[in-house]
Colleague: 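Here it is, the structure, as structure tokens.
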Protein chains: 2
Amino acid sequence: MARGARVSVATVSRALRDQPQVNERTRKRVVTVARRLGYVPNRAARSLVVRATQTLGLLIPDATDPIHGEIVTGFEQEAAAHEYTVMLADGFDDPARERRALEMFAMHRPDGITLLGSMLPQRVTRLMARTSPVVFVNGEHPHLAGYRADLTHGCIRADDIQGMDAVVRHLFDGGYRRLAYVAGPGNASDLTRRDAIARALETMSPSEPLRVYGALPRNGDTNGTLAAEIAKDRPDALICYDDKLAFQLIDQLRGHAVRVPRDIAVVGFDDIPFARMANPRLTTVAQPAVELGRRAAAMLLTAIRTGTMPRSIRLPVQLVVRESTINPAAQGGRRSRT
Amino acid sequence: MARGARVSVATVSRALRDQPQVNERTRKRVVTVARRLGYVPNRAARSLVVRATQTLGLLIPDATDPIHGEIVTGFEQEAAAHEYTVMLADGFDDPARERRALEMFAMHRPDGITLLGSMLPQRVTRLMARTSPVVFVNGEHPHLAGYRADLTHGCIRADDIQGMDAVVRHLFDGGYRRLAYVAGPGNASDLTRRDAIARALETMSPSEPLRVYGALPRNGDTNGTLAAEIAKDRPDALICYDDKLAFQLIDQLRGHAVRVPRDIAVVGFDDIPFARMANPRLTTVAQPAVELGRRAAAMLLTAIRTGTMPRSIRLPVQLVVRESTINPAAQGGRRSRT
DNA sequence: CTGAAAGCGCTAACAG
DNA sequence: CTGTTAGCGCTTTCAG
């Protein structure tokens with residue numbers, strides 16, 4: 001009880017947490033002394049008795065991706081606003097590492113966990129988390145393609161299908177007919193996007209079947225052969241799994257003297273910050289990334305508070321039209337060169 | 001002692017930590033039972049007695065910046081490799097929020113803290129961290145410009161000066177003479193880079209004084225007037241505070257019909273992933289970002305292990321020459337059009 | 001309104 | 001090799 005102000009530890013504890021039942025004068029004194037001594041309460045000790053750590057775990061697949069950075073930002077912001085600290089782990093797109101990270105989390109007993117773009121099956125994850133509520137953001141286990149297997153509670157995702165509908169419509173309006181999809185890593189988003197495009201295409205007419213290029217080696221760069229193939233085939237428009245892939249391709253196509261958008265239109269996904277400064281500026285589907293993160297934390301917080309996990313939600317995305325799908329040589333449509 | 005294998009808690013504790021002094025058979029039994037029961041030790045309880053949380057705090061200025069993402073990656077990787085969990089906080093480039101984040105950290109008693117690009121004065125920070133060792137990565141308090149005030153221990157930074165020397169030399173070799181610097185947010189890196197360029201320029205001849213444009217509104221985007229000014233002045237080459245700024249400028253200069261590199265050369269700083277896929281691909285100074293993060297964690301870890309903080313270090317950077325400083329119209333130099 | 005005491009889950013010291 | 005005991009720093013009854 002070196003906590004010096006000639007009062008008991010109990011009183012100190014109460015005073016520092018502004019409990020009403022403590023005399024204003026003693027409270028003042030306690031606070032003063034605490035500050036003078038530089039006293040900082042120990043959360044670990046507290047957590048032991050209140051059975052809550054004021055901590056949220058966040059598992060991300062790759063800190064390097066700017067879109068993940070935005071999600072982290074939103075998550076951290078919401079957590080911090082409610083006095084929660086976030087524990088971060090990087091799974092490096094590797095299920096084994098994700099598992100290990102969850103195990104480390106488990107020892108620290110976070111009050112909630114969110115998995116971003118995880119490849120792990122959701123039910124397994126929930127079991128591993130034992131007691132902590134879990135929220136999944138853009139779950140990427142392949143079985144989740146088409147959203148069909150997303151749990152009814154505790155899942156948040158951007159509406160890929162809606163996004164792709166908008167993309168296909170936009171391209172059709174621009175006169176593009178022979179569309180191609182450049183596949184990503186074969187995860188849920190990738191499959192969902194591909195299928196959404198194909199389906200949207202079927203509803204349009206005249207329609208040509210979707211050509212699919214891919215698949216991207218896991219987290220690796222495309223090798224040049226893909227660009228070469230595309231340069232030869234010359235579809236009208238390329239819809240890429242994400243912005244990063246789109247930029248890689250545009251860059252490589254430059255090497256084949258294929259110009260965007262003059263020779264071929266390109267669409268990305270995510271709307272990373274560079275999309276609007278690139279040359280050409282990239283048409284893409286904007287995910288509400290920060291919001292995704294914020295909502296994840298918020299969902300966890302209400303699960304903690306109320307004891308029940310809120311229902312899953314799907315956040316709308318937005319098509320952002322920029323230069324990469326607007327052929328300057330053709331007013332109102334690619335084919336209208338007459 | 002519901003920890004069920006008819007042994008005492010002490011034995012369980014020892015068995016689970018592979019202490020030698022425990023019988024192999026009982027250890028096996030304990031492990032089996034533990035797994036069957038899904039028992040996971042509580043780190044908070046442990047930390048209370050061993051006075052160590054197995055946790056490292058990381059404060060970053062902005063999770064959105066890809067370069068910070070890489071540093072986070074390195075840091076997390078090194079920490080995880082040593083069974084440490086990282087607590088992440090985002091300061092949003094705001095000293096007040098950084099302070100609050102440090103206070104939150106303090107309650108969780110991380111075994112070490114690193115501050116990335118923080119604007120806080122180092123000594124103040126060390127005081128706030130009380131007991132935890134602190135490592136600064138690329139400290140950005142303006143007084144740190146020119147590295148002069150970096151503490152002798154516990155600081156890591158990329159060698160901005162060396163980088164700018166290389167940039168100036170490269171530009172001179174390419175025939176560029178009228179150089180300009182586009183300033184950043186007025187932090188230590190910004191001032192250091194600006195001064196390094198000016199100084200390097202003085203050693204070259206024939207030299208013209210460095211023109212400085214700026215200053216970037218804190219964390220905001222450049223407004224168009226800057227690009228207009230540059231378009232009018234037409235320096236030979238633009239050295240930008242960082243890649244992001246460089247891309248913004250290139251984009252805006254496009255609006256003024258100023259082409260890079262034909263009309264003006266542009267250099268960035270950081271070598272974000274996008275730099276090598278942009279059009280034009282950007283000449284820039286590559287920071288060893290992942291390594292910076294790894295070293296920060298490593299430094300913390302040895303400080304924890306040995307009880308003394310290692311000496312400060314400066315990591316070399318590397319000039320990466322790409323299209324944005326190579327004028328295709330002029331072999332070997334901008335002015336050699338004869 | 002305040003203090004004394006018990007106990008959160010674990011480890012360390014000390015016996016056996 | 002294993003059990004008993006005390007105690008890490010806090011919160012929470014329960015008495016005063």
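Quick note on labels: first sequence line is chain A, next is B, and so on, each numbered from 1. The model shown is predicted, which means the values in this text are computed figures rather than measured ones. Scope of the values below: all heavy atoms of this structure, side chains included, with no hydrogens, waters or symmetry mates.
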Colleague: So which one's nearest nucleotide on DNA chain C is more toward 5', B/Q21 or B/A44?
Modeller: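 Comparing both residues, the 5'-ward one is B/A44.
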Colleague: On a heavy-atom basis, which atom in B/I71 and which in B/A289 lie closest, and how many Å separate them?
Modeller: CG1-O, 3.4 Å
Colleague: Can you tell which of D/dT11, D/dT2, C/dT2 lies closest to the side chain of A/V50?
Modeller: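 From the listed options, D/dT11 comes nearest.
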Colleague: Side chain of B/Q19 only, please: which of C/dA12, D/dC14, D/dT2 is the nearest?
Modeller: C/dA12
Colleague: Base, sugar-phosphate, or nothing: which does B/T26 touch, judged by heavy atoms less than 4.0 Å apart?
Modeller: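 Sugar-phosphate, no base atom in range.
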Colleague: What integer distance in Å separates B/Q54:CD from C/dT11:P?
Modeller: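 So the two atoms are 11 Å apart, to the nearest Å.
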Colleague: Establish whether the base of D/dG9 is bridged to the side chain of B/R109 by a donor-acceptor pair shorter than 3.5 Å.
Modeller: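 Side chain to base: no pair present.
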Colleague: Which pairs with one or both residues in residues 72-84 of chain B pass salt bridge (charged side-chain N to carboxylate O under 4.0 Å, His left out), sequence neighbours excluded?
Modeller: B/E78-B/R294
Colleague: Not counting sequence neighbours, list each pair that qualifies as a ring pair (Phe, Tyr, Trp, His ring centres under 6.0 Å) and has a residue in residues 52-82 of chain B.
Modeller: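 Pairs touching residues 52-82 of chain B that pass the test: none.
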Colleague: Roughly how bent is the helix from C/dC1-D/dG16 to C/dG16-D/dC1 end to end, in steps of 10 degrees, with each end axis from five pairs?
Modeller: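 Rounded to the nearest 10 degrees, the bend comes out at 40°.
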Colleague: B/L56 versus B/M87: any side-chain heavy-atom pair under 4.5 Å?
Modeller: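 When only atoms from C-beta onward are counted, B/M87 and B/L56 do not touch, as no gap falls below 4.5 Å.
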Colleague: Taking the side chain of A/V49 as heavy atoms from C-beta outward, which of C/dG7, C/dA5, D/dG3 is closest to it?
Modeller: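 Side chain of A/V49 sits closest to C/dG7.
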Colleague: Atom CZ of B/R14 and atom P of C/dA15: how far apart are they, to the nearest Å?
Modeller: 15 Å
Colleague: Rounded to the nearest Å, what distance is computed from the CZ atom of residue B/R46 to the C1' atom of nucleotide C/dC8?
Modeller: 17 Å
Colleague: Take the protein atom CG of B/N42 and the nucleotide atom C1' of C/dT11, then report the distance between them rounded to whole Å.
Modeller: 13 Å
Colleague: Calculate the interatomic distance between B/R25 atom CZ and D/dT2 atom C1'; express it in whole Å.
Modeller: 14 Å
Colleague: Between D/dG7 and B/R51, is there an OP1 or OP2 to side-chain N/O distance shorter than 4.0 Å?
Modeller: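 Answer is no, no contact under 4.0 Å.
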Colleague: What do you reckon, is CZ of A/R27 surrounded by more than 12 foreign heavy atoms closer than 6.0 Å?
Modeller: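 Result for CZ/A/R27: enclosed.
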Colleague: Nearest to the side chain of A/S13, which nucleotide is it out of C/dG9, D/dT2, D/dT12?
Modeller: D/dT12
Colleague: Between B/L48 and B/T11, who's closer to the 5' end of DNA chain D by nearest nucleotide?
Modeller: B/T11
Colleague: Rounded to whole Å, please give me the gap between CG in B/L16 and P in C/dG9.
Modeller: 16 Å
Colleague: Quick one: do the A/S13 and A/R17 side chains pair a donor with an acceptor below 3.5 Å?
Modeller: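 Distance-only check passes for A/S13 and A/R17.
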Colleague: Of all the choices, C/dA4, C/dC10, D/dC10, which nucleotide is nearest to the side chain of B/A45 once you look at every atom?
Modeller: C/dC10
Colleague: Does B/R17 place a side-chain N or O at less than 4.0 Å from the phosphate oxygens OP1/OP2 of C/dT11?
Modeller: yes
Colleague: In this structure, are over 12 heavy atoms from other groups packed under 6.0 Å from A/R126 atom CZ?
Modeller: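 Yes.
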Colleague: Could you tell me whether the phosphate oxygens of D/dC1, OP1 or OP2, come under 4.0 Å of any side-chain nitrogen or oxygen in B/R29?
Modeller: no
Colleague: Could you tell me whether the side chains of B/D159 and B/Y147 share a donor-acceptor contact shorter than 3.5 Å?
Modeller: yes
